[in-house]
Amino acid sequence: MALWDNPDVELLYEINGLAKDAPTWADRVMEYIGEYGIAVGLVVLALWAWWGVTRKRESRDEALSGFAGLVWAPLAAVIAIVVNIPIRGFVERPRPFMEHKGVEVLVEGKTDFSFVSDHATLTMAIAVGIFMVQRKPGLVAIGLALLEAFCRVYMGVHYPTDVIGGLALGTAVALLLAPVAMWALTPLVRAVAGNARLEVLLWAGASAAAVAAGGRAVGRRGEGETRRTRDRDLAA
């Protein structure tokens, strides 16, 4: 089949062909990464972003807004998956291994429709949500979402256009609905922060500011004592 006849199928065979040539242990690793590993990585990155939001934002309002953004990330993923339900039902695209011979399938039991990929949709929505709050963990998260897309094709359960569509859908939902989500979530987060026990999980700036203020006070006292000592020396 020539590349220009059906580039989607051609690219499927090229990427999935790597699974045929790879040793069994490598396929098992890719299977684990594609099914579970990326999700675990995104949780770790969300915790990294949470740490940055609570510890490094200059004001309480900025920290609470950032935390609201982190809450939006998984909610965006859920909404994107819900949006994908009618899309899948409308397109009704079978899985690639059901229509094409010679596809190496690493995960059995995938009998639902193929377009668009839920995994690619979910991971990219979360990644974009993290990126909008913290750039460094967000960039790593986007890289993991792209790796997830590659894994789904490598595993033989999606066409390349399935995962591209999922990446686009996750990005669109996370970005386009973010203003409305932040409008709704930020007041809720502020209400939760009204509880002193929970506030420390949302913003640690109060203690840091107190320490800094204490340090400045000590510095001012030290300068004052130095001046008084110098004055006494001059008087002597």
Side-chain angles (χ1 to χ4, degrees), residues 1-43 45 73-130 140-177:
M1 180 181 293
L3 180 62
W4 52 84
D5 288 341
N6 195 334
D8 198 20
V9 176
E10 189 73 14
L11 189 56
L12 164 69
Y13 278 117
E14 289 290 334
I15 297 176
N16 181 250
L18 299 174
K20 290 184 177 181
D21 299 333
T24 302
W25 66 264
D27 286 345
R28 297 289 76 81
V29 169
M30 290 295 287
E31 177 185 347
Y32 178 82
I33 291 174
E35 286 290 297
Y36 312 106
I38 301 296
V40 174
L42 290 176
V43 171
L45 292 171
L75 291 179
V78 172
I79 293 174
I81 293 298
V82 172
V83 171
N84 189 30
I85 293 175
I87 295 176
R88 281 192 165 199
F90 177 77
V91 177
E92 294 186 345
R93 187 183 202 182
R95 296 278 182 169
F97 58 82
M98 300 177 69
E99 290 197 325
H100 302 283
K101 297 180 179 180
V103 175
E104 184 78 8
V105 183
L106 301 186
V107 180
E108 302 293 341
K110 302 289 185 180
T111 58
D112 54 340
F113 294 124
S114 184
F115 185 89
V116 296
S117 167
D118 278 339
H119 282 76
T121 300
L122 183 145
T123 53
M124 184 55 84
I126 294 177
V128 172
I130 295 174
V140 178
I142 290 174
L144 289 183
L146 296 175
L147 177 59
E148 177 70 33
F150 177 83
C151 287
R152 304 311 289 179
V153 181
Y154 180 96
M155 294 159 62
V157 294
H158 280 292
Y159 294 95
T161 49
D162 294 339
V163 296
I164 292 173
L167 297 175
L169 178 59
T171 300
V173 170
L175 289 179
L176 296 180
L177 298 184

- What is the distance from atom OG of S117 to atom CE of M124, rounded to the nearest 0.5 Å? 11.0 Å

- Task: State, to 0.1 Å, how close A80 and G170 come at their nearest heavy-atom pair, and which atoms those are.
- Result: CB-CA, 4.4 Å

- Item | Separation of M155 CE from F97 CZ (nearest 0.5 Å) | 10.5 Å

- List in chain and number order the residues that pass side chain to side chain contact (heavy atoms under 4.5 Å, CB included) with P86, two or more places apart in sequence or in another chain; answer none if no residue qualifies. none

- Query: Is any side-chain heavy atom of P74 closer than 4.5 Å to a side-chain heavy atom of V78?
  - Reply: no

- Query: What is the minimum heavy-atom distance between A76 and V173, and which atoms define it?
  - Reply: O-CG1, 3.6 Å

- Could you tell me whether the side chain of N16 and the main chain of E104 form a donor-acceptor pair under 3.5 Å? yes

- Task: Could you tell me whether the side chain of E35 reaches within less than 4.5 Å of the side chain of E148, counting heavy atoms only?
- Result: no

- Tested for side chain to side chain contact (heavy atoms under 4.5 Å, CB included) against L144, the lone hit among I38, T123, I126, I33 is I38

- Query: Quick one: side chain to side chain donor-acceptor pair (under 3.5 Å) partners of T161, sequence neighbours excluded?
  - Reply: D8, R93

- Pairs satisfying ring-ring contact (aromatic ring centres under 6.0 Å, His included), at least one member in residues 151-177, at least two apart: H100-Y159

- Task: Indicate the atoms forming the closest heavy-atom contact of V157 with S114, along with that distance.
- Result: O-OG, 3.9 Å

- Can you measure from CD1 (I81) to CG (L169) and round to the nearest 0.5 angstrom? 7.5 Å

- Item | Residues in salt bridge (Lys or Arg N to Asp or Glu O under 4.0 Å) contact with E31, at least two apart in sequence or another chain | R28

- Message: Suppose the criterion is ring-ring contact (aromatic ring centres under 6.0 Å, His included): which pairs have a residue in residues 105-128, not counting sequence neighbours?
- Response: none

- Query: Can you tell me how far CD1 of I79 sits from CG of L122, rounded to the nearest 0.5 angstrom?
  - Reply: 12.0 Å

- Item | Minimum heavy-atom distance A174-G129, with the two atoms named | CB-N, 4.4 Å

- Considering residues at least two apart in sequence or located in another chain, which fulfil the salt bridge (Lys or Arg N to Asp or Glu O under 4.0 Å) criterion with D112? R88, R95

- Note on the structure: Heavy-atom closest pair (A145 atom, A127 atom, distance to 0.1 Å) is CB-CB, 4.3 Å

- Sub-3.5 Å donor-acceptor pair from the side chain of N84 to the main-chain atoms of V116, do we have one? yes

- Item | Worked check of side chain to side chain contact (heavy atoms under 4.5 Å, CB included) between M30 and F150 | CA-CA 10 Å; M30 290 295 287; F150 177 83; 3.8 Å; yes

- First locate atom CD of E14, then atom CG of L12, and finally report the distance between them rounded to the nearest 0.5 Å. 10.0 Å

- Message: Give me the atom names and distance for the closest heavy-atom approach of A120 to V163.
- Response: CB-O, 3.7 Å

